[in-house]
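Below you'll find the structure, written out as structure tokens, and then a few comments.
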Amino acid sequence: QVRLVESGGGSVQAGGSLRLSCKYFGYNANNNYMGWFRQAPGKEREGVAVIYTAVGTTYYADSVKGRFTISRDSAKNTLYLQMNSLEPEDTATYYCAAESRGPYSDLALTASLYNYWGQGTQVTVSS
């Protein structure tokens, strides 16, 4: 049974940093996409950052490029999202996801294609 457990959310002021963690259980993460998505109230879930675990290729939403970094520690079965220079617009519930059904890398940030999801962790950025 696959389980993804996020942690690390919280409240910070604009310009601050947070690091999210996603511990995964029962999942072979060696050859697929894993990533972070977010959903703000009244908005659709959107892709933030994804990593193709086989070779480490990363994909980022334009809105977070240069500020967020996704990484994975395979020994710890943990996915990370380092978020720097946070902005109020980054306020959302952040979800960890694994295993995309999408056949192409340009679909890596498409939330609807992912099979497994965590419960989410709240990030609130105040101005």
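The two residues Tyr59 and Ser105 come nearest to each other via the heavy atoms OH-CB, 3.2 Å. The two atoms that bring Val48 and Val64 nearest to each other are O-CG2, 3.5 Å, heavy atoms only. Smallest separation of non-hydrogen atoms from Ala14 and Pro88: CB-CD, 4.1 Å. Heavy atoms only, all atoms of each residue included: Leu109 and Phe37 are closest at O-CE2, 3.5 Å. Looking at every heavy atom in both residues, Ala49 comes nearest to Leu81 through CB-CD1, 3.9 Å. Nearest approach of Ser100 to Tyr114, heavy atoms of both residues: CB-CZ, 3.6 Å.
Neither side chain, Thr78 nor Asp73, offers a donor N or O lying under 3.5 Å from an acceptor on the other.
With hydrogens and angles ignored, the 3.5 Å screen pairs a side-chain donor or acceptor of Glu6 with a backbone N or O of Gln119. Between the side chain of Asp90 and the backbone N or O of Glu87 there is at least one donor-acceptor pair closer than 3.5 Å. In this structure a side-chain-to-backbone donor-acceptor pair under 3.5 Å is present from Arg67 to Ser85. Of the possible donor and acceptor atoms, none in the side chain of Ser21 sits under 3.5 Å from a partner among the backbone N and O of Ser7.
Judged as a salt bridge (charged side-chain N to carboxylate O under 4.0 Å, His left out), and not counting sequence neighbours, the contacts of Asp62 are Lys65.
The side-chain heavy atoms of Tyr60 and Val50, taken from C-beta on, include no pair separated by under 4.5 Å. In this structure, the side chains of Val5 and Phe25 come closer than 4.5 Å at one or more pairs of heavy atoms. Side-chain contact between Trp117 and Cys96 is absent, with no heavy-atom pair separated by less than 4.5 Å. The shortest side-chain heavy-atom distance between Gln122 and Thr91 falls under the 4.5 Å cut-off. Ser17 has its side chain within reach of Gln82: a pair of non-hydrogen atoms, C-beta onward, lies under 4.5 Å apart. No side-chain heavy atom of Tyr95 sits less than 4.5 Å from a side-chain heavy atom of Arg38. Between Thr121 and Thr93, the closest side-chain pair of non-hydrogen atoms is not below 4.5 Å. Between Trp36 and Leu79 the shortest side-chain heavy-atom distance falls below 4.5 Å.
Separation of atoms CD (Gln13) and CG (Leu86) is listed at 11.5 Å; rounding is to 0.5 Å. A distance of 10.0 Å separates SG of Cys22 from CG of Asn77, quoted to the nearest 0.5 Å.
Judged by the 6.0 Å distance and 45° axis criteria, Arg72 is not positioned over the aromatic ring of Tyr80. Cation-pi check for Arg3 over Tyr24 is not met; the charged atom does not lie both under 6.0 angstrom from the ring centroid and within 45 degrees of its normal.
Checked against a 6.0 Å centroid threshold, the rings of Tyr52 and Tyr33 count as neighbours.
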inquiry  = Evaluate Val2 against Asn115 for side-chain contact (heavy atoms from CB on, under 4.5 Å), listing each step before the verdict.
reply    = CA-CA 10 Å; Val2 176; Asn115 289 328; over 6 Å; no
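Taking the six-membered ring where the residue is Trp, Phe68 and Tyr94 present tilted rings, their angle falling between 30° and 60°.
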